[in-house]
S.K.: 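Provided herewith is a single structure, encoded as structure tokens, for subsequent inquiry.
Just so it is clear, the structure is predicted and the values come from calculations on it, not from any experiment.
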Amino acid sequence: MGVRSRAAAAILSEAGFKKVYSMKGGINAWEGQVAEGVPEAGMAYFSSATQPEELLGLAWLLEDGSRKFYVEMASMLKDKEAVALFQELSKAEEKHQASLVNLYKELSGRPFDSEFPKNLFREEPSDERMEGGMHLREALQWAEKKAIKEILELSISLESNAYDLYLKMEHKMESLNAKKVFKVLSTEEKKHLERLASLLEKKL
Amino acid sequence: MGISDYFKPVSSWSAEEVRTFLNEKGPEKYNLVDVRQPKEYGQSHLPGAQLIPLGELANRVKELDPNKPTIAY
């Protein structure tokens, strides 16, 4: 519990809200139940620092983390609907990664470095992150003992952060084509969100 | 730059801190947002909480006053 509230707090902080708090443990804690830990998801973007090329690389890495999470969930879960949705989501993230690579090639104006995006960041192999900044490794450990409802909540948090990021990138980018690419990506993330949310509603 | 340099933590309050805050302030002084699904909100929610499911939040930020302290759960 509380993973969605942290994703919400990240979105609101980035939207310029000065004082934002997520409630630890969510409604369960409010009602006096013991709150369970969730993977370190309390992260928001430094929206100011980033250049378009860095943003593309960052988005690629986060998509990669989310994709790996979805692949694991598709093989771990038993529920047929959930397995089908996670398989579909992992394929969609792969396509997003390809779109980001193409856009990077176009915008960087330099010969393509096949090390992309590792040429842009000093990344530790053990520090793989998903959308929203959550550590992939922690999320996978957490998910092992979790019911489908909680896994869907976490996935909704990932997609919400991705959606928010792409909306921002669409505004931030100057090239028309880049705007178009991010519009497509954000529209797709929004669809994913709707699918995850309706599956969650069904499983509640 | 490492990837973690792009992130900063968000603040969180315990349920008790939230309870104390809500008791002290009038509802016009804050935003209290429930970001769960409508069905969960229907089952139970904090008094006065406004429902904006997480997936809709990025589009509906304008419904909230950015100058007021905002609590999300």
S.K.: Looking at A:Gln141 and A:Glu138, would you say the former's side chain and the latter's main chain have a donor-acceptor pair under 3.5 Å?
M.R.: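 Answer holds: no.
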S.K.: Does B:Glu40 pair with A:Lys149 as a salt bridge, N-O distance under 4.0 Å?
M.R.: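 Result for this pair is yes, salt bridge flagged.
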S.K.: Sort A:Leu167 into side chain, backbone, both or neither according to what part of it lies under 4.5 angstrom from a heavy atom of chain B.
M.R.: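 Only the side chain of A:Leu167 comes within 4.5 Å of chain B.
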S.K.: Is A:Ser22 close to chain B through its backbone or its side chain, or both, or neither, when contacts mean heavy atoms under 4.5 Å?
M.R.: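 Contact with chain B involves both backbone and side-chain atoms of A:Ser22.
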S.K.: If we ignore hydrogens and angles and just use 3.5 Å, is the side chain of A:Lys24 paired with the main-chain N or O of B:Trp13 as donor and acceptor?
M.R.: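 No.
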S.K.: Has B:Glu56 got a side-chain atom pairing as donor or acceptor with B:Pro53's backbone, closer than 3.5 angstrom?
M.R.: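 No.
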S.K.: Based on non-hydrogen pairs under 4.5 Å, which of B:Val35, B:Leu54, B:Val18, B:Leu57 is most in contact with chain A?
M.R.: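 When all of B:Val35, B:Leu54, B:Val18, B:Leu57 are compared, B:Leu54 has the most.
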S.K.: Passes side chain to side chain contact (heavy atoms under 4.5 Å, CB included), A:Leu120 versus A:Leu56? Steps please.
M.R.: CA-CA 10 Å; A:Leu120 299 175; A:Leu56 289 174; over 6 Å; no
S.K.: Should B:Arg19 and B:Glu16 count as an ion pair when the cut-off is N to O under 4.0 Å?
M.R.: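 Salt bridge: yes.
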S.K.: Between A:His135 and A:Glu128, is the side chain to side chain contact (heavy atoms under 4.5 Å, CB included) condition met? List the steps.
M.R.: CA-CA 6 Å; A:His135 291 271; A:Glu128 284 185 289; over 6 Å; no
S.K.: Among B:Asn31, B:Ile52, B:Val61, which has the most heavy-atom pairs under 4.5 Å with chain A?
M.R.: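 Looking at each option in turn, the highest pair count goes to B:Val61.
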S.K.: Using side chain to side chain donor-acceptor pair (under 3.5 Å) as the criterion, point out the one residue from A:Arg67, A:Glu63, A:Lys91 that pairs with A:His96.
M.R.: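 The single option meeting the side chain to side chain donor-acceptor pair (under 3.5 Å) with A:His96 is A:Glu63.
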S.K.: What part of B:Leu46 gets closer than 4.5 Å to chain A, counting heavy atoms only: side chain, backbone, both or neither?
M.R.: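 The answer is both parts of B:Leu46.
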S.K.: Taking it one step at a time, do A:Val101 and A:Phe112 satisfy side chain to side chain contact (heavy atoms under 4.5 Å, CB included)?
M.R.: CA-CA 9 Å; A:Val101 167; A:Phe112 182 64; 3.8 Å; yes
S.K.: Would the distance check show the side chain of A:Ser66 and the main-chain N or O of A:Glu131 forming a donor-acceptor pair, the cut-off being under 3.5 Å?
M.R.: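 Yes; judged by distance alone, with no hydrogens or angles, the pair exists.
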S.K.: Do the rings of B:Tyr41 and B:His45 sit parallel, tilted or perpendicular, given the 30° and 60° boundaries?
M.R.: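 B:Tyr41 vs B:His45 ring planes: parallel.
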S.K.: Report, in residue-number order, which members of residues 64-71 of chain B are under 4.5 Å from chain A by heavy-atom distance.
M.R.: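 Result: B:Leu64, B:Asp65, B:Pro66, B:Lys68, B:Pro69, B:Thr70, B:Ile71.
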S.K.: For residues 183-200 of chain A, give me every residue with a non-hydrogen atom less than 4.5 Å from any non-hydrogen atom of chain B.
M.R.: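 Result: A:Lys190, A:Leu193, A:Ala197, A:Leu200.
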S.K.: Between atom NZ of B:Lys39 and atom NZ of A:Lys203, what is the distance when rounded to the nearest 0.5 Å?
M.R.: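 Output value for this atom pair is 10.5 Å.
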S.K.: Identify which part of A:Glu201 has an atom lying under 4.5 Å from any heavy atom of chain B, answering side chain, backbone, both or neither.
M.R.: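 Answer is both: backbone and side chain atoms of A:Glu201 are under 4.5 Å from chain B.
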